[in-house]
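The shown structure was predicted, so the numbers you read here are calculated from the model rather than taken from an experiment.
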Amino acid sequence: ELEKVRSMLEKQLQDVGAEKDRLQERLDGADADLKAYKSEVEQMKELNSNVEAQLAAGRTRMEQAQAEVRDLTVSRDAALASLKASEAAAAAEGDAQLAALRAQISNAEERLAEAAAAREELQRQVSEGQAELAQERQRLEEAHGRAASLEAELAQER
């Protein structure tokens, strides 16, 4: 009778040991998953930081382009004013000066058009950067959620 009880207890101990080993394997797997998710979160944080830096650089370039557009607009307006003033005196000074002023205006308008195109391109890049940043933030939130879920599972299994 004592042998039967001993045998049952040894069987139960073996079963408990096997269950413990199975649970330890699951715990180890959950720990590995948690580490992988944490690594992914860190990578996303780094990517987020890089996108933020690119966005800031794009904003700086856009501000510079806007300043150049303003400067070129002032130059164009000044050239137009000069042209109007010179047209009155052009009859006495000849058509050569008038042509030169018109070339300056044309030049200024071309640079203005180029600067405006550059500004639009920078605005597009900033918009793309903001969209990428929003996507990366969403992925980061999802990774945080997965990590929290895994931590909760890990805590429950312990």
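- Residue Met8 belongs to no hydrophobic cluster, having no ILVMFWY side-chain heavy atom closer than 4.5 Å to its own.
- Note that CG of Leu112 is 9.5 Å distant from OG of Ser75, once rounded to the nearest 0.5 Å.
- Rounded to the nearest 0.5 Å, atoms CG (Leu72) and CG (Asp77) are 11.0 Å apart.
- A salt bridge does not link Arg22 to Glu25: none of the charged side-chain nitrogens sits closer than 4.0 Å to a carboxylate oxygen.
- Looking at heavy atoms from C-beta onward, Glu151 lies in side-chain contact with Lys38 at the 4.5 angstrom threshold.
- One finds the OG atom of Ser49 at 10.0 Å from the CD atom of Gln54 (value rounded to the nearest 0.5 Å).
- Here the side chains of Lys45 and Glu42 are in contact, with some heavy-atom distance below 4.5 Å.
- Ion pairing of Arg61 with Glu121 is absent here, as no side-chain N (NZ or NE/NH1/NH2) approaches a carboxylate O to less than 4.0 Å.
- Annotation for Ala116 and Val69: closest pair N-CG2, 4.0 Å, computed over non-hydrogen atoms.
- Taking the side chain as every heavy atom from C-beta outward, Leu122 and Arg119 never approach each other to under 4.5 Å.
- Across all their heavy atoms, Leu34 and Ala147 have their closest contact at CD1-O, 3.6 Å.
- Side-chain contact, Glu142 with Gln138: a donor N or O sits under 3.5 Å from an acceptor N or O.
- Between Glu68 atom CD and Gln64 atom CD the span is 9.0 Å, to the nearest 0.5 Å.
- Ion pairing of Asp15 with Lys11 is present here, as a side-chain N (NZ or NE/NH1/NH2) and a carboxylate O approach within less than 4.0 Å.
- Residues Glu153 and Ser149 have side chains in contact (heavy-atom distance under 4.5 Å, counting atoms from C-beta outward).
- One distance of note links OG of Ser39 with CE of Met44; it measures 10.0 Å at 0.5 Å rounding.
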Side chain to side chain donor-acceptor pair (under 3.5 Å) assessment of Gln24 paired with Asp28: CA-CA 6 Å; Gln24 186 62 47; Asp28 292 346; 2.8 Å; yes
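- Taking both residues in full, the closest heavy atoms of Val51 and Gly129 are given as CG1-O, 3.6 Å, listed atom of the first, atom of the second, then distance.
- Within 6.0 Å of atom CD in Glu19, more than 12 heavy atoms from other residues, nucleotides or ligands are found, so the atom counts as buried in its surroundings.
- The local environment of CZ in Arg26 is sparse, with at most 12 non-hydrogen atoms from other residues, nucleotides or ligands closer than 6.0 Å.
- Put simply, the side chain of Ser127 gets close to the backbone of Gln123: a donor and an acceptor are under 3.5 Å apart.
- The minimum heavy-atom distance between Arg59 and Val126, with the atom names listed, is N-CG2, 3.9 Å.
- Salt bridge status for Arg139 with Glu40: absent, with no side-chain N to carboxylate O gap under 4.0 Å.
- Linking ILVMFWY residues whenever their side-chain heavy atoms come closer than 4.5 Å, directly or via other members, leaves Leu47 and Leu140 in distinct clusters.
- Inter-residue side-chain proximity for Glu141 and His144 is flagged as unmet; no heavy-atom pair is nearer than 4.5 Å.
- Counting only distance, with no hydrogens or angles, the side chain of Ser106 and the backbone of Arg102 share no donor-acceptor pair below 3.5 Å.
- If you take CG on Leu133 and CG on Asn48, they are separated by 5.0 Å, rounding to the nearest 0.5 Å.
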